[in-house]
Amino acid sequence: MKTNFTLLFYLKKPKNYSNGVVPIYLRITVEGNRAELATSRKCEPNQWNAKAGHLIGTKDDIRALNAYLDKMKAEVYVAHSLLCAEDAEIRAESIKCRFLGKEEKTHTLCEAIKTHNKNMKKLVGKDYAIGTLKRFEILERHVNGFLASKYHKSNINIKYVNYDFISGFDYYLRTAQNNTTNTAVKHLKNLGKIIRICLSEKWITTDPFFGYKLKTKVVHREYLTADELRKIEEKEFTTTRLSQVKDVFLFSCYTGYYGLNCASYFGLIVPAITV
């Protein structure tokens, strides 16, 4: 993935600088993001040509230093070319790491989701209901399915999650998983929470959801008539658990409290009630 980038040698004057030699640094810039490299060389400010990024003069020591800077610059270009050949994401930090022969620390999307779900599981019953955790566990399964289907991978660098990834995941939910619009939007909103955590952790610097519209459809919900509620009240169940479910459901109907949340609070699984 070819990306334009710029290199600039500059003098980095220390704080409260008054006089003397100053260290020379190389700045790598990719799409406004920067990474710095120390050259391990210094010079007097009055010997420095900022526009050329070289020392002024023709003495042997000056020529040798300028040659060293040119060699360093060429090696950074090689690092950039190698990343392009690998079709890797071109970032200032990744070019720096390749030049230094270091592996750039990376994080993955599945890592982010697993960490979130692990932390949420510890807070079930305190800050979260079990139903909330289950929705994020479903999100994790859908993301794994999408990665296998679209990318033939089991994971992906979180930095590669972009607008196209979000759009593709949305399409996958509606087609392969046969989700309704509102269900797909719920999964995308949950993924959005994971992305916001990654942003706060500085695993990524841009929000892939920026500009992506999440539109739900208005759903007309039928209500139960008084006669239907009466039939549920009179319905007798053979197990205590189903009787509890019935009571919770009727409580929500008469008070306006959301029954599924209430059932989740009591640890109940709400089945269909046949009257």
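The residues of the chain are indexed from 1 along the displayed sequence. Computed from heavy atoms alone, side chains included, the values below leave out hydrogens, waters and symmetry copies.
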Distance (rounded to the nearest 0.5 Å) between N19 CG and Y17 OH: 6.0 Å
Heavy-atom donor-acceptor pair, D170 side chain to I166 backbone, under 3.5 Å: no
Joint hydrophobic cluster, V143 plus Y160, side-chain heavy atoms closer than 4.5 Å: yes
Basic-acidic side-chain contact under 4.0 Å: R230, D227: yes
Pairwise side-chain contact, K246 with L242, heavy-atom cut-off 4.5 Å (strictly under): no
Interatomic spacing from CZ in R91 to CD in E31 - rounded to 0.5 Å: 11.0 Å
Any V161 side-chain heavy atom under 4.5 Å of I204 side chain: no
Test item: side-chain donor near acceptor, T108 and N155, under 3.5 Å: yes
Within-4.5 Å side-chain heavy-atom neighbours: F209 and I195: yes
Parallel, tilted or perpendicular, as decided by the 30° and 60° cut-offs, for the rings of F165 and F169: parallel
Ion pair check, E137 and R141, cut-off under 4.0 Å: no
Check: Y171 main-chain N/O paired with T175 side-chain donor or acceptor under 3.5 Å: yes
pair F251-V248: side-chain heavy atoms closer than 4.5 Å: no
Audit row: N46, W48, side chain to side chain contact (heavy atoms under 4.5 Å, CB included) steps and yes/no: CA-CA 6 Å; N46 59 7; W48 184 251; over 6 Å; no
Flag for T183-T180: side-chain donor and acceptor within less than 3.5 Å: yes
Side chain to side chain, T205 and L199, heavy atoms closer than 4.5 Å: no
Ring geometry between H116 and F136 (parallel below 30°, tilted from 30 to 60°, perpendicular above 60°): tilted
Aromatic plane relationship, Y172 with F146 - under 30° parallel, 30 to 60° tilted, over 60° perpendicular: tilted
Short side-chain to backbone donor-acceptor contact, E234 and K231, under 3.5 Å: no
Heavy-atom neighbours of Y212 OH exceed 12 at 6.0 Å: yes
Cluster overlap V76 with V78, hydrophobic side-chain contacts below 4.5 Å: no
R27/T29 under side chain to side chain contact (heavy atoms under 4.5 Å, CB included): CA gap, chis, key distance, verdict: CA-CA 6 Å; R27 177 184 295 151; T29 305; 3.8 Å; yes
Verdict with supporting geometry, T6 and V30, side chain to side chain contact (heavy atoms under 4.5 Å, CB included): CA-CA 7 Å; T6 59; V30 177; over 6 Å; no
Heavy-atom side-chain proximity of I197 to E201 below 4.5 angstrom: yes
Between NZ on residue K59 and CG on residue L65, distance to nearest 0.5 Å: 14.0 Å
Side chain to side chain, L26 and L69, heavy atoms closer than 4.5 Å: no
Donor-acceptor side-chain pairing of N117 and E140 below 3.5 angstrom: yes
Backbone of Y128 reached by a side-chain donor or acceptor of T132 within 3.5 Å: no
List the atom pairs, donor and acceptor, that lie under 3.5 Å between side-chain atoms in residues 32-40 and the rest of the protein, sequence neighbours left out.
| from | atom 1 | to | atom 2 | distance (Å) |
| --- | --- | --- | --- | --- |
| E36 | OE1 | K12 | NZ | 2.9 |
| E36 | OE2 | Y10 | OH | 2.5 |
| T39 | OG1 | I24 | O | 2.6 |
| T39 | OG1 | R41 | N | 3.3 |

N144 side, atom CG; L147 side, atom CG - distance, nearest 0.5 Å: 6.5 Å
Over 12 foreign heavy atoms within 6.0 Å of NZ, K193: yes
Side-chain donor-acceptor pair present, R63, T58, cut-off under 3.5 Å: no
Path from I158 to Y163 over hydrophobic side-chain contacts below 4.5 Å: yes
same_hphob_cluster(L82, Y77) at 4.5 Å side-chain heavy-atom cutoff: no
Any side-chain heavy-atom pair of N179 and V185 under 4.5 Å: no
Steps toward side chain to side chain contact (heavy atoms under 4.5 Å, CB included) verdict (I28, F99): CA-CA 11 Å; I28 305 170; F99 169 78; 6.0 Å; no
Inter-residue atom distance I194.CD1 - L139.CG, 0.5 Å rounding: 6.5 Å
Rounded distance [0.5 Å steps], CG in L83 versus CD1 in I90: 4.5 Å
H54 ring center near F9 ring center (under 6.0 Å): no
